[in-house]
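Below, all heavy atoms of this structure are taken into account, side chains as well, without hydrogens, waters or symmetry copies.
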Amino acid sequence: MDITTDIAMASMSMSAAKLQMNTSLAVAKSAMETQEVAAAQLLEMLPSPPGVGQYVDVRA
């Protein structure tokens, strides 16, 4: 093998690794966004207790 073939193979390998990393990051980002939406929906379903935020206990 000559040096040009080695350089070409290294370039292709680096390009494939970059594509794989970008794909993995895109999938992870999508999963995080899905979990964020699910968490927001769960928080909206929680009932708020009556009187919360109306009084301050200063005797503590």
Side-chain angles (χ1 to χ4, degrees):
M1 291 190 162
D2 62 343
I3 188 125
T4 56
T5 305
D6 291 341
I7 292 172
M9 287 178 59
S11 175
M12 288 174 36
S13 177
M14 287 175 51
S15 178
K18 183 178 178 182
L19 175 64
Q20 184 179 9
M21 184 176 17
N22 287 342
T23 303
S24 295
L25 286 173
V27 170
K29 183 178 178 182
S30 176
M32 286 176 55
E33 289 173 354
T34 301
Q35 290 299 319
E36 184 179 359
V37 169
Q41 289 173 346
L42 284 173
L43 289 174
E44 286 177 8
M45 291 186 337
L46 288 173
S48 60
V52 171
Q54 294 178 355
Y55 304 102
V56 177
D57 183 9
V58 293
R59 290 185 283 169

Q. Between Thr34 and Ser30, is there a donor-acceptor pair closer than 3.5 Å when you use the side chain of the first and the backbone of the second?
A.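 Yes; judged by distance alone, with no hydrogens or angles, the pair exists.
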Q.
Tell me if a side-chain donor or acceptor on Ser11 pairs with a main-chain N or O of Ile7 at a distance below 3.5 Å.
A.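 Here the side-chain-to-backbone pair does not exist.
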Gap separating the [atom1] atom of [X] from the [atom2] atom of [Y], nearest 0.5 angstrom:
X     : Y     : atom1 : atom2 : result
Thr23 : Lys18 : OG1   : NZ    : 12.0 Å
Asn22 : Lys29 : CG    : NZ    : 11.5 Å
Leu19 : Met21 : CG    : CE    : 10.5 Å

Q: Go through the steps to decide whether Leu42 and Met45 satisfy the test side-chain contact (heavy atoms from CB on, under 4.5 Å), and finish with yes or no.
A: CA-CA 5 Å; Leu42 284 173; Met45 291 186 337; 3.8 Å; yes
